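No hydrogens, no waters, no symmetry mates; every other heavy atom, side chains included, goes into these values. In this chain, residues are counted from 1 in sequence order. All values reported here derive from a predicted model rather than from experimental measurement.
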Amino acid sequence: MIRDPEKPIRTRPLPDEYPGVHSMDEDEVEAAVRVVRSKSLYRYYGVNPQHEVSAFEAEFARFIGARHAVAVTSGTSALHTALCALQVGPGDEVIIPAYMWVSVVAAVVNLGAIPVLAEIDETFGLDPADVERKINPRTAGIIAVHMNGCAVNIPRLAAIARRHSVFLLEDCAQCVGATVAGRRVGTFGDVAIFSFQLNKNMTVGEAGAVVTNDEHLYRRVVAIQDSGYSRSDTDELQMDDATSYGWGRGVRMDELRAAVLRVQLRKVETTIERMRHSKSRILESLYPRQQIAFRRRIDPAGDTSCFLLTIFPHRDTAREINRLMRLHGITTKSPDTSNILLANYGMHVYYNIPSLVQKIGTGKHGFPWTLAENQNSVYSYERGACPASDDLFERTQLLVIPSCLTTQDEEDIIESFHQAMDAVLGPVTSMTSRLDQREYLTSPCG
Ligand SMILES: Cc1ncc(COP(=O)(O)O)c(C=O)c1O
């Protein structure tokens with residue numbers, strides 16, 4: 001019997017993303033209550049200080065394998081703090097990927113520098129060859145964004161940054177816990193940022209961190225997230241260290257959030273394991289399909305697996321397969337956050353950010369686009385600025401892998417993929433495992 005390719009496979013929406021949320025229980029409640037009972041919710045002093053933020057910073061730094069972590073209020077404030085600590089400003093260009101999140105652009109623009117778009121490759125991160133092409137004497141640094149839970153080609157990008165003496169900032173907001181050859185992302189560049197917003201691998205709703213091995217940068221980060229002055233080991237303001245003077249952004253983390261994050265940090269490996277289990281089941285079933293490819297993972301073992309990116313051969317086939325899978329009921333309660341084509345993934349895609357495309361200034365004088373220091377940095381941000389990325393955005397489907405998928409959820413996803421592909425691309429004739437696909441997925445950092 002021929003099955004109607006549009007007939008639903010399931011009627012209940014799949015669970016929403018929120019990886020860290022699904023593991024929340026009384027442990028987080030107890031941590032929050034403990035802090036409220038102490039009546040000491042400020043990190044630097046109080047009636048009965050708990051030092052939750054300092055403890056979280058030490059534990060998170062140890063988890064990442066870095067010397068220092070500084071907890072802040074969000075991933076966005078972490079980006080601003082890190083770039084400020086690197087002294088980015090007018091006259092500087094910062095290379096960013098065509099696929100990121102709007103906060104990356106905002107941090108560059110708010111400091112008076114000019115973002116320069118570079119193409120992504122099939123890692124869905126910066127294409128190293130295009131980064132090299134975009135470097136010029138005005139380039140201050142590179143922001144590598146590890147999108148969708150998996151590392152980009154960070155060893156190669158780090159080598160490029162070193163060779164050209166520009167900074168490398170790793171944006172690990174979507175990638176807490178990922179590794180490359182056993183080394184955590186966030187330790188390859190000069191500085192890294194993390195987000196603990198609701199959609200992230202560990203969460204307290206809203207928070208972030210800056211991580212670095214560099215002592216001087218660390219002191220500047222401490223100063224900037226606070227009032228402009230660094231702190232001693234006993235949290236005294238240090239007014240006599242002119243090398244770390246800055247202008248404070250007031251983005252300190254509070255004790256309440258740090259206490260909850262300490263619990264989430266203990267659970268993050270389990271959260272990641274759950275997503276890995278679901279994703280590898282789905283991937284295994286799709287490997288035999290010759291007609292499709294997957295996001296290139298420079299180290300599959302280090303993928304935190306919160307997303308599956310599937311690349312179809314043509315724009316039209318991608319649209320049709322996605323349409324059928326959505327009709328099958330492979331959607332979430334928030335319909336625009338899962339099982340969509342990347343082109344429709346909002347302000348993760350450069351040309352979907354109106355204020356970037358239109359070069360909107362931060363004040364009425366058009367800062368930073370109109371600054372004399374930036375007069376030689378004139379770039380277009382309209383669709384077409386990164387044609388190779390544009391093509392990938394049209395052909396790639398993003399599916400969220402929540403940390404609480406049931407076996408039935410996984411089977412529904414697998415069935416939907418196969419039915420949609422049978423209808424659009426034709427059935428597979430041989431189900432032999434596709435060796436070249438596996439090699440492609442595990443290809444080294446070249
Ligand atoms: C890649 C990336 N960078 C930065 C951020 C900003 O983090 P936050 O939402 O905590 O400000 C996000 C948030 O989604 C992100 O995905």
Side-chain angles (χ1 to χ4, degrees), residues 17-21 28 41-44 52-64 66-86 88 96 100-108 110-111 143-149 168-178 184-187 189-214 217-218 220-227 246 248-265 268 271 304 306 347-348:
E17 184 179 1
Y18 316 147
V21 167
E28 282 84 352
L41 281 71
Y42 182 63
R43 71 168 293 178
Y44 291 126
E52 298 281 354
V53 182
S54 308
F56 171 65
E57 288 174 341
E59 288 159 11
F60 191 67
R62 204 173 314 125
F63 172 74
I64 296 298
R67 212 168 290 152
H68 300 291
V70 180
V72 292
T73 50
S74 68
T76 304
S77 62
L79 277 165
H80 281 79
T81 303
L83 287 184
C84 209
L86 289 160
V88 167
I96 64 168
M100 33 74 206
W101 174 241
V102 60
S103 303
V104 174
V105 187
V108 175
N110 275 322
L111 287 172
I143 304 182
V145 186
H146 300 285
M147 290 296 283
N148 305 131
L168 176 63
L169 187 162
E170 284 179 84
D171 180 335
C172 312
Q174 299 194 6
C175 210
V176 178
R184 295 246 189 242
V185 299
T187 58
D190 301 283
V191 63
I193 72 98
F194 291 83
S195 166
F196 310 117
Q197 181 265 349
L198 195 68
N199 293 330
K200 307 307 188 294
N201 288 352
M202 50 181 274
T203 187
V204 62
E206 190 85 277
V210 183
V211 163
T212 184
N213 282 327
D214 182 310
L217 263 184
Y218 166 66
R220 285 187 55 76
V221 167
V222 171
I224 290 158
Q225 58 90 38
D226 189 11
S227 314
R249 304 190 84 88
V251 292
R252 295 172 296 263
M253 181 178 282
D254 56 89
E255 293 280 280
L256 202 54
R257 282 190 266 188
V260 173
L261 281 173
R262 292 181 70 193
V263 179
Q264 283 273 296
L265 182 57
V268 71
T271 303
T304 70
C306 42
M347 292 191 291
H348 294 95

For [X] and [Y], indicate whether the former's side chain and the latter's backbone hold a donor-acceptor pair under 3.5 Å.
X      : Y      : result
Glu52  : Arg257 : no
Asn110 : Ala106 : yes
Glu28  : Val260 : no
Arg220 : Cys84  : yes

Report yes if some heavy atom in the side chain of [X] is under 4.5 Å from a heavy atom in the side chain of [Y]; otherwise report no.
X      : Y      : result
Trp101 : Val145 : no
Gln264 : Val204 : no
Val105 : Met100 : yes
Asn199 : Tyr18  : yes
Leu261 : Met253 : yes
Arg184 : Phe63  : yes
Val70  : Thr81  : no
Val53  : Glu255 : yes

Atom [atom1] in [X], atom [atom2] in [Y]: separation rounded to 0.5 Å?
X      : Y      : atom1 : atom2 : answer
His80  : Ile224 : NE2   : CD1   : 12.0 Å
Ser103 : Met347 : OG    : CE    : 8.5 Å
Ile64  : Thr212 : CD1   : OG1   : 12.5 Å
Ser195 : Glu206 : OG    : CD    : 7.5 Å
Leu168 : Leu86  : CG    : CG    : 10.0 Å

Between [X] and [Y], which heavy-atom pair has the shortest distance, and what is it?
X      : Y      : result
Val251 : Ser77  : CG1-CB, 3.6 Å
Gln197 : Thr203 : O-OG1, 2.9 Å
Thr304 : Gly177 : CG2-C, 3.8 Å
Thr73  : Arg252 : CG2-O, 3.2 Å
Asn201 : Pro19  : OD1-CG, 3.6 Å
His146 : Gln174 : O-CB, 3.8 Å

_side chain to side chain contact (heavy atoms under 4.5 Å, CB included) assessment of Asp214 paired with Asp190_ = CA-CA 7 Å; Asp214 182 310; Asp190 301 283; 5.8 Å; no
*With under 30° as parallel and over 60° as perpendicular, where do the rings of Phe194 and Phe196 fit, or are they tilted in between?*
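Rings of Phe194 and Phe196: parallel, as their planes differ by under 30°.
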_Residue of the set Leu83, Val211, Leu79 for which side-chain contact (heavy atoms from CB on, under 4.5 Å) holds with Ile193_ = Leu79
